[in-house]
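Everything below concerns the one structure shown next.
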Amino acid sequence: MAIEVRNVVKRFGVTPVLRDVSIDVASGSLTALLGPSGGGKSTLLRVIAGLEIPDAGTVAISGADATNLPPQKRNVGFVFQHYAAFKHMTVFRNVAFGLEIRNRPKDEIRPRVRELLELVHLEDFADRYPAQLSGGQRQRMALARALAVEPQVLLLDEPFGALDAQVRKELRTWLRRLHDEVHVTTVFVTHDQEEAIEVADTIVVLADGQVKQIGSPDEVYDNPADQFIMRFLGPVTELEGHLVRPHDIEISTDGHGGGISATVSRVVRLGFEVRVELLIDQKEAWAQVTRSTIDDLDLRPGQAVRVRPSPSARPLALSTR
Ligand SMILES: Nc1ncnc2c1ncn2[C@@H]1O[C@H](COP(=O)(O)OP(=O)(O)OP(=O)(O)O)[C@@H](O)[C@H]1O
């Protein structure tokens with residue numbers, strides 16, 4: 001294991017922010033810490049980095065106890081949402097910084113920085129200053145700088161959080177590819193479930209200072225441990241006392257073949273996908289279908305239909321509590 005967190009407790013004042021958190025991060029994996037705001041994600045990342053010392057529990061990095069080691073002795077690279085670049089230094093010098101302070105020879109630094117700039121696709125920007133870069137380019141520079149000293153572990157705290165949606169999407173794909181090239185064990189914090197599902201190979205769901213579930217994106221999406229996680233990971237709707245993914249609802253208009261009676265209240269076309277709003281026993285529900293399905297069914301508001309979960313759906317019973 002690259003990182004082993006065991007029974008970590010962290011309080012700020014009397015408020016526990018991490019309550020008995022244990023996780024294992026496999027070497028070479030790309031792990032997302034996912035959860036709602038205030039759930040303790042950043043605090044856990046900072047405990048791993050050594051920027052916070054836990055009140056109880058241990059952190060081991062590459063098999064060695066690191067619980068009381070200062071950040072600079074942990075061999076971790078760190079990138080924050082708002083990356084503080086050295087404004088008076090070029091991109092090249094910013095990336096070289098960690099190597100220079102370690103007194104690495106110049107003829108080693110130069111090719112290494114060139115290589116890193118190529119890796120993050122900034123080879124043509126070496127002589128620019130941080131203020132002359134876009135937000136996305138700055139975060140890529142931050143990653144190159146963190147990777148320069150060959151950390152055993154890369155820790156990213158909402159690295160794309162401050163960027164607009166389009167750039168975020170590009171950088172997600174880019175981070176995945178970068179990781180496939182470099183294979184450095186990476187843990188990143190996000191509150192965006194789509195980002196976690198798309199980028200990570202393991203998702204740790206953290207809420208209320210506790211680990212709620214750990215698994216691959218498919219496991220967490222398809223077999224959520226509870227209602228909270230099911231709602232957090234993707235859209236849901238209610239069908240006969242169960243939570244169901246709206247794309248797992250089948251609609252039929254021929255009156256045969258079972259299912260529950262429903263009335264179409266609205267059909268909303270959102271590009272390729274279509275949202276069919278339904279009334280079932282006075283309760284609202286919705287189904288997500290494709291445009292071709294809707295063209296075949298020719299649904300209109302007020303129409304009586306029958307709905308049921310698709311054979312592959314995994315409805316989750318709503319507790320009556
Ligand atoms: N230095 C601190 N002093 C006091 N309280 C803190 C401190 N750092 C964090 N907290 C509190 O700890 C809780 C968890 O914060 P944390 O930043 O770890 O959550 P998060 O899941 O990363 O949330 P976000 O997505 O909003 O960053 C919050 O209630 C926060 O207010």
Residue Gln227 excluded, over 12 heavy atoms near CD under 6.0 Å: yes
Leu270: side chain to side chain contact (heavy atoms under 4.5 Å, CB included) partners, not counting sequence neighbours: Val268, Arg275
Minimum side-chain heavy-atom gap Arg74-Pro151 below 4.5 Å: no
Separation between CZ of Arg168 and CG of Leu175, rounded to the nearest 0.5 Å: 12.0 Å
Glu240, CD atom: more than 12 neighbouring heavy atoms under 6.0 Å: no
Shortest non-hydrogen separation from Pro235 to Pro246 and the atoms involved: O-CD, 3.2 Å
Acceptor/donor pairs from residues 48-66 side chains to any protein atom, 3.5 angstrom cut, sequence neighbours excluded:
unit_1: Glu52; atom_1: OE2; unit_2: Arg46; atom_2: NE; d: 3.3
unit_1: Asp55; atom_1: OD2; unit_2: Arg11; atom_2: N; d: 2.6
unit_1: Ser62; atom_1: OG; unit_2: Gln152; atom_2: OE1; d: 3.4
unit_1: Ser62; atom_1: OG; unit_2: Gln152; atom_2: NE2; d: 3.3
unit_1: Asp65; atom_1: OD1; unit_2: Thr67; atom_2: N; d: 3.2
unit_1: Asp65; atom_1: OD1; unit_2: Thr67; atom_2: OG1; d: 2.6

side-chain hydrogen bond (donor to acceptor under 3.5 Å, both in side chains) contacts in which one or both residues fall within residues 179-189, not counting sequence neighbours: Arg176-Asp180
Spacing of CG belonging to Asp218 relative to CG belonging to Asp201, to within rounding of 0.5 Å: 12.0 Å
Shared-cluster residues of Phe12, by chain and number - hydrophobic side chains joined below 4.5 Å: Val17
Partners passing salt bridge (charged side-chain N to carboxylate O under 4.0 Å, His left out) against Glu118 (at least two apart in sequence or in another chain): none
Contacts of Tyr221 that satisfy ring-ring contact (aromatic ring centres under 6.0 Å, His included) - sequence neighbours left out: none
Can you give the donor-acceptor pairs under 3.5 Å from side chains of residues 22-32 to other protein atoms, not counting sequence neighbours?
unit_1: Ser22; atom_1: OG; unit_2: Asn7; atom_2: N; d: 2.8
unit_1: Asp24; atom_1: OD1; unit_2: Arg6; atom_2: NH1; d: 3.1
unit_1: Asp24; atom_1: OD1; unit_2: Arg6; atom_2: NH2; d: 2.7
unit_1: Asp24; atom_1: OD2; unit_2: Arg6; atom_2: NH2; d: 3.4
unit_1: Ser29; atom_1: OG; unit_2: Ala26; atom_2: O; d: 2.7
unit_1: Ser29; atom_1: OG; unit_2: Thr31; atom_2: OG1; d: 3.3

Derivation and outcome, salt bridge (charged side-chain N to carboxylate O under 4.0 Å, His left out), residues Glu194 and Arg172: CA-CA 10 Å; Glu194 223 181 274; Arg172 275 184 208 169; 3.6 Å; yes
Spatial distance of atom CG (Leu155) from atom CZ (Phe80) [nearest 0.5 Å]: 9.5 Å
Residue Arg266 excluded, over 12 heavy atoms near CZ under 6.0 Å: no
Least distance between heavy atoms, Phe97 atom then Met89 atom: CD1-CE, 3.9 Å
Within one Ile-Leu-Val-Met-Phe-Trp-Tyr cluster: Leu133 and Tyr129, side-chain cutoff 4.5 Å: no
ILVMFWY network linking Ile214 to Val220, side-chain heavy atoms under 4.5 angstrom: no
CZ on Arg231 to CG on Asp226, rounded to 0.5 Å: 10.5 Å
Check: Val204 and Val187 side chains under 4.5 Å, non-hydrogen atoms: no
Ionic contact status for Arg245 with Asp222, cut-off 4.0 Å: no
Spatial distance of atom CD (Gln72) from atom CD1 (Ile101) [nearest 0.5 Å]: 9.5 Å
Nearest non-hydrogen partners of His191 and Glu158, listed with the distance: ND1-OE2, 2.8 Å
Salt bridge (charged side-chain N to carboxylate O under 4.0 Å, His left out) partners of Lys283, counting only residues at least two apart: Glu238
Qualifying salt bridge (Lys or Arg N to Asp or Glu O under 4.0 Å) pairs, either residue in residues 98-107, two or more places apart: Arg93-Glu100, Arg104-Glu108
Closest non-hydrogen atom pair between Lys87 and Pro130, with its separation: O-CD, 3.8 Å
Single-linkage hydrophobic cluster Val9~Val47, side-chain heavy atoms < 4.5 angstrom: no
Non-hydrogen side-chain atoms of Phe125 and Met141 separated by less than 4.5 Å: no
Heavy-atom pair with the smallest gap, counting every atom of Arg314 and Asp248: N-OD2, 4.5 Å
Euclidean distance, Leu143 CG relative to Leu156 CG, rounded to 0.5 Å: 5.5 Å
Pairwise side-chain hydrogen bond (donor to acceptor under 3.5 Å, both in side chains) hits with a residue in residues 204-215, at least two apart: Gln210-Lys212
Greater than 12 external heavy atoms within 6.0 Å of Asp281's CG: no
Arg269 side chain near Arg291 side chain, heavy-atom distance below 4.5 Å: yes
Arg140 vs Leu171 side-chain heavy atoms within contact, under 4.5 Å: yes
Heavy-atom closest contact (Pro159 atom, Gln139 atom, distance): O-NE2, 2.6 Å
For Val264, the rest of its hydrophobic cluster, which grows through side-chain links under 4.5 angstrom: Leu239, Val244, Ile249, Ile251, Ile260, Val267, Val274, Val276, Leu278, Ile280, Val289, Ile294, Leu297, Leu299, Val305, Val307
Linked hydrophobic residues, Leu279 as query - side chain contacts closer than 4.5 Å: none
Same apolar cluster (I L V M F W Y, side chains within < 4.5 Å links), Ile229/Ile203: yes
Under-4.0 Å salt bridge between Glu198 and Lys169: no
Joint hydrophobic cluster, Phe160 plus Ile197, side-chain heavy atoms closer than 4.5 Å: no
Leu206 and Val189: CA distance, side-chain angles, deciding distance, side-chain contact (heavy atoms from CB on, under 4.5 Å) verdict: CA-CA 10 Å; Leu206 200 68; Val189 162; over 6 Å; no
